[in-house]
Number of protein chains: 2
Amino acid sequence: MPLTQEPSPRSEPAPRRPRQRRKEARPGEIIDAALALWAEQGFAATRLEAVATRAGIAKGTIYLYFPSKEALFEAALRDRIGGTLASVGAQLPELEGSLEAELGLLLHAIYDRLLETDSAALLKVLIGEGHRFPGLVELYREVALASGLGMVRRILERAAQRGELRLPPEAVDPRMVVAPAIAAAVWRMLFGVGPSLDRTAYEKAHLDLVLRGLLVEPCSTTQSP
Amino acid sequence: MPLTQEPSPRSEPAPRRPRQRRKEARPGEIIDAALALWAEQGFAATRLEAVATRAGIAKGTIYLYFPSKEALFEAALRDRIGGTLASVGAQLPELEGSLEAELGLLLHAIYDRLLETDSAALLKVLIGEGHRFPGLVELYREVALASGLGMVRRILERAAQRGELRLPPEAVDPRMVVAPAIAAAVWRMLFGVGPSLDRTAYEKAHLDLVLRGLLVEPCSTTQSP
DNA sequence: TTGACTAATGACCCGTTGGTCATTAAAGCA
DNA sequence: TGCTTTAATGACCAACGGGTCATTAGTCAA
């Protein structure tokens, strides 16, 4: 049951107004609050009481909308899955640029998603406590991962048709192409938002590295400005 | 208090022999059991009772050697930190090969550590529930990470002196060099040991990608065999 | 063989927390 | 204004699990 498609959350601690009936808005607010707390504390360590407080409601209210803590996680995952990536996928066909342009756009979207969105909390929970949700890990693999890697693959195939690739596209592991973004996400999950990860420079270095590894004529690409 | 330095665990579910006094062996066995369970279930979700059972002892025995669950995690981290990486560091000075040879050796050691060792459980716990151990996250950053990245940096500097690099070594982010290994570890933490990650091929592709991105003359490197 | 020492045990304690439900009150309507 | 509907509440329950400790038994020196 997809609830919201909005990838940017309407978070903030939520000031406690007396008692208000807002049936429509609740589920999204609860998911936002939960993701925010899970991102910093993990799934098991986050009490539902805390989620409720952050959402500005009482604990019981959560059970009006979600039958259990695990169901809340599933709803959060389904809500946030897809999102930006899909919209990038829609843009791609019209783009028709070089490998550099297309890959740059996709990687940018991936970094947005992994570093600036609370979807990162999902990844964190799936890594640390995913064994509790075997079905959801599978779902994540099929939807989020497969779509991202599938997009990489399509971009590579198009570049190969243009003769830009040094290898046949089947010989390239798409995971390798996105790996530095995953590593950046891990960095953030471990050490939090800090001065140690300069996204812009990192992202540029990533694109540069990958292009040099893939292109027929790598020496023509970005020379540090 | 470092207990064991042995990186390869003496695990196995441990058959329940009646009652035996083995003061020396216990701490290591407990750590092994804990890491094995944390790797698949996470820290918070693993009961100490389960750790004890796996180690072939009773729960109370754990508290004979570790004052608390968190202390057990700290001991496990301190026990496993360092290890293989340090031994590679000792080998490096004598090696004096090409960038390819040196980096290949280091990456191989990193993959060993991240994919074949229960140290991976530490990373998993630190990612998912690290907020509970701020001091240990810092320790991990300083010891494990800094030593790994420092080694990359030293290898790069040596390669630069030989004129092998296209960029000054300061311009290369060492994290970028190891990123695909981190991504592989994430893959494993998410989906477990499966047919989907062919380590040998992946590792080779990793080395190839990085070398092409770094070397002055990348076209001379590995052409797919 | 026996006694002293202490590693090992597991029943027990109690704080925590996911989940319930009788009660309260906001909102809409006549 | 009063009545009905139902969203929201929070006190409460029960299970769970980290941590304790009186008791048991392995080991070894005398």
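A note on names: the letters A, B, ... follow the listed sequences, proteins ahead of strands, and every chain is numbered from 1. Values below: every heavy atom of this structure, side chains too, minus hydrogens, waters and symmetry copies. Just so it is clear, the model here is predicted, and its values are computed rather than measured.
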Between CZ of B/Phe66 and C1' of C/dA8 the distance, given in whole Å, is 15 Å
Inset, instruction - List the steps and the verdict of side chain to side chain contact (heavy atoms under 4.5 Å, CB included) for A/Lys59 and A/Glu49. - result: CA-CA 5 Å; A/Lys59 189 175 65 167; A/Glu49 184 74 52; 3.9 Å; yes
Its contact letters, B for base, S for sugar-phosphate only and - for none at protein heavy atoms under 4.0 Å, make nucleotides 19-27 of chain D read BB---BSBS
Taken in chain and number order and not counting sequence neighbours, the residues that satisfy ring-ring contact (aromatic ring centres under 6.0 Å, His included) with A/Tyr111 are A/His206
Residues at least two apart in sequence or cross-chain that pass salt bridge (Lys or Arg N to Asp or Glu O under 4.0 Å) with B/Glu157, listed by chain then number, are none
Sorted by chain and residue number, the side chain to side chain donor-acceptor pair (under 3.5 Å) partners of A/Ser196 (sequence neighbours excluded) come out as A/Trp187
In whole angstroms, the gap separating C1' of C/dT6 from CZ of B/Arg26 amounts to 14 Å
Item to complete: Please answer whether the main-chain N or O of B/Ala144 pairs with a side-chain N or O of B/Ser147 as donor and acceptor at a distance below 3.5 Å.
Response: yes
Separation of C/dA8 atom C1' from B/Glu24 atom CD, nearest Å, is 15 Å
For residues 170-184 of chain A, the salt bridge (Lys or Arg N to Asp or Glu O under 4.0 Å) pairs (sequence neighbours left out) are A/Asp173-A/Arg175
To the nearest angstrom, the CD-C1' distance between A/Glu49 and D/dA11 comes to 11 Å
Considering just the side-chain nitrogens and oxygens of B/Tyr65, establish if one lies under 4.0 Å of OP1 or OP2 belonging to C/dA8.
yes
In short, ring pair (Phe, Tyr, Trp, His ring centres under 6.0 Å) pairs touching residues 44-64 of chain B with sequence neighbours left out are none
Expected list for residues 125-133 of chain A near DNA chain C, using heavy atoms below 4.0 Å, is none
Rounded to whole Å, the CD1-P distance (B/Ile30 to C/dA8) equals 8 Å
Those residues at least two apart in sequence (or on a different chain) that pass salt bridge (Lys or Arg N to Asp or Glu O under 4.0 Å) with A/Arg21 are none
Between CZ of A/Arg47 and C1' of C/dG19 the distance, given in whole Å, is 15 Å
Whole-Å distance, B/Ile57 CD1 to C/dG10 C1', equals 13 Å
Residue pairs meeting salt bridge (Lys or Arg N to Asp or Glu O under 4.0 Å), one or both in residues 62-72 of chain B, sequence neighbours left out, come to B/Glu70-B/Arg132
B/Ile62 CD1 to D/dG18 C1', in whole Å, measures 10 Å
